[in-house]
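Here's the structure, in structure tokens; my notes come after.
Hydrogens, waters and symmetry mates play no part in the numbers below; they use all other heavy atoms, side chains included. Everything numeric in this text was worked out from a predicted model, so none of it was measured.
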Amino acid sequence: MDKQTFTEILQSKFKMVRIEAGYTQDSMSHTIGLSKKTLVQIEKERILPNWTTCISLCALFRESEVLTNTFGGDPLELAQVISRGHCVYPNYEGEAVYWEEIERKNGFLLQYNKSNNIYRVLNPMNRPVHASYIEREIRTFFLRQTDLQPV
């Protein structure tokens, strides 16, 4: 797949991704960094999104089932391969110094980043599953996840 094909496919999925995420055109345009007018033109397939907009969509909505099913996996991984010829997976071993453990329960870990003030939950495989800057939101997510898990 080349950039042109990738961009055309994303253009046809823009509205579906927005609806799947529960965003209005206003909130989606703000999130992606577009004017509402440009977003409407993309959704109506009158203009193609530029490469930066495609990358933003893939990065910010990488968990989208629409995108995952369309591309058969992580859309950001595919975008990297198309753009760079390969995909680089970050090494997060050095980040441990920034994260403070708040709570651990049923294999899940609730953490707080001392540098950027966000919270995140790691699953039992030590993979981030949710992040937020709102402590109440992340604690609610953490409790829902840990209460579902057998002890």
Determine, using the 4.5 Å side-chain heavy-atom cutoff (strictly less than), whether L122 and V97 are members of one ILVMFWY cluster.
-> no
Over all heavy atoms of both residues, which pair between F141 and V129 is shortest? Give the atoms and the distance, please.
-> CE2-CG2, 3.8 Å
When you measure from the side chain of S29 to the backbone N and O of Q25, does any donor-acceptor pair fall under 3.5 Å?
-> yes
Strictly by modelled atom types, are Y119 and N113 linked by a side-chain donor-acceptor pair under 3.5 Å?
-> no
Answer whether the closest heavy-atom distance between the side chains of L67 and L10 falls below 4.5 Å.
-> yes
Once you round to the nearest 0.5 Å, how far does CG of N106 lie from CG of D147?
-> 8.0 Å
Apply side-chain contact (heavy atoms from CB on, under 4.5 Å) to the pair N123 and F108, showing each step before the final yes or no.
-> CA-CA 5 Å; N123 68 14; F108 284 82; 3.8 Å; yes
Of the non-hydrogen atoms in P75 and F6, which two are nearest, and what is the gap between them?
-> O-CZ, 3.9 Å
Gap between atom CD of Q145 and atom OG1 of T140 - 0.5 Å precision | 11.5 Å
Sub-3.5 Å donor-acceptor pair from the side chain of T146 to the main-chain atoms of L143, do we have one?
-> yes
Point-to-point distance, once rounded to the nearest 0.5 Å, from CD1 of I55 to CD of Q80 | 8.0 Å
side-chain contact (heavy atoms from CB on, under 4.5 Å) assessment of M28 paired with L57 = CA-CA 10 Å; M28 182 69 153; L57 184 71; 3.6 Å; yes
Tell me whether L48 is reachable from M16 by hopping between hydrophobic residues (I, L, V, M, F, W, Y) whose side-chain heavy atoms are closer than 4.5 Å.
-> no
Interatomic distance, F142 atom CZ to E135 atom CD [nearest 0.5 angstrom] | 12.0 Å
Would the number of heavy atoms belonging to other residues, nucleotides or ligands and lying under 6.0 Å from NZ of K114 be above 12?
-> yes
Out of curiosity, E103 CD to L109 CG, how far, rounded to the nearest 0.5 Å?
-> 9.5 Å
Contact list for residues 6-16, test side-chain hydrogen bond (donor to acceptor under 3.5 Å, both in side chains), sequence neighbours left out | Q4-E8
Taking all heavy atoms of D2 and all of I82, pick out the closest pair and write down the distance.
-> C-CG2, 4.0 Å
Below 4.5 Å, heavy atoms only, C-beta onward: do M1 and V81 meet side chain to side chain?
-> no
From L76 atom CG to E63 atom CD, the distance as rounded to the nearest 0.5 Å | 11.5 Å
Apply the test side-chain contact (heavy atoms from CB on, under 4.5 Å) to residues Y112 and I118: give CA-CA distance (whole Å), side-chain angles for both, the deciding distance (0.1 Å), then the verdict.
-> CA-CA 6 Å; Y112 173 73; I118 66 168; over 6 Å; no
Would you check if F14 and P49 make a side-chain contact, meaning some heavy-atom pair closer than 4.5 Å?
-> yes
Between I47 and L34, is there a shared hydrophobic cluster once you connect ILVMFWY residues whose side-chain heavy atoms come closer than 4.5 Å?
-> yes
Flag yes if more than 12 heavy atoms outside K105 fall under 6.0 Å of its NZ atom; otherwise flag no.
-> yes
What about Y23 and F61, are their ring centers closer than 6.0 Å?
-> yes
Considering non-hydrogen atoms only, spot the tightest contact between W51 and A79 and give its length.
-> CZ2-O, 3.8 Å
Listed partners of E65 passing side-chain hydrogen bond (donor to acceptor under 3.5 Å, both in side chains), at least two apart | none
Test side-chain contact (heavy atoms from CB on, under 4.5 Å) on I102 and R139 and set out the steps.
-> CA-CA 10 Å; I102 296 175; R139 285 188 179 278; 3.2 Å; yes
Any side-chain heavy-atom pair of N116 and Y98 under 4.5 Å = no
